[in-house]
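The next block holds one structure in the form of structure tokens; read it before the comments.
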Amino acid sequence: MVDFAVIVKTQQLDGEWEEVARIDCCHGHAHLHHLNGTVTSLAPLHSWEDVNANVALALTAAQNYATTIRDVKENDG
């Protein structure tokens with residue numbers, strides 16, 4: 001693997017899916033793009049081996065992000 005992108009989407013009340021976060025490995029580091037436009041760096045990438053090693057980190061970050069959104073929606077309802 002030399003590149004990856006992980007998209008977090010939520011299903012809206014009308015049934016449509018909305019992207020709420022994206023994690024990718026562009027620009028030399030794995031990073032999380034938040035819905036509000038901010039970016040959080042997860043790990044530097046110096047070689048393709050780093051890409052392979054950090055895809056699991058990206059998947060965990062996406063799962064945590066999705067879980068937080070779910071929990072907030074449950075508490076709001």
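We number each residue from 1, following the sequence as shown. Side chains are part of it too, since the values below use all heavy atoms of this structure and drop only hydrogens, waters and symmetry mates. Treat the numbers as computed from the prediction; the structure is a model and nothing was measured.
Listed by first then second residue, pairs satisfying ring-ring contact (aromatic ring centres under 6.0 Å, His included) with a partner in residues 49-70 read His34-Tyr65, not counting sequence neighbours. Screening residues 4-20 for salt bridge (charged side-chain N to carboxylate O under 4.0 Å, His left out), with sequence neighbours left out, gives Glu19-Arg22.
Minimum heavy-atom separation, Asn54 to Phe4: O-CZ, 4.1 Å. Of all heavy-atom pairs between Ala62 and Val6, the closest is CB-CG1, 3.6 Å. The heavy-atom pair separating Gln11 from Gly15 by the smallest distance is NE2-O, 3.3 Å. Shortest non-hydrogen contact noted between His29 and Ser41 is ND1-OG, 3.2 Å.
For Glu49, the side chain to side chain donor-acceptor pair (under 3.5 Å) test picks out Ser47, with sequence neighbours left out. For Thr10, the side chain to side chain donor-acceptor pair (under 3.5 Å) partners are Gln12, not counting sequence neighbours. Every residue was checked against the salt bridge (charged side-chain N to carboxylate O under 4.0 Å, His left out) condition with Asp3, not counting sequence neighbours, and none meets it. Evaluation of the ring-ring contact (aromatic ring centres under 6.0 Å, His included) rule for His27 yields His31 as partners, not counting sequence neighbours.
Two residues are said to be in side-chain contact when any heavy atoms from C-beta on lie closer than 4.5 Å; Leu59 and Gln63 fail this criterion.
The one candidate from Val8, Thr38, Ile23, Val39 that meets the side-chain contact (heavy atoms from CB on, under 4.5 Å) condition with Leu32 is Ile23.
Put simply, CG on Leu57 and SG on Cys25 are 12.0 Å apart, with the number rounded to the nearest 0.5 Å.
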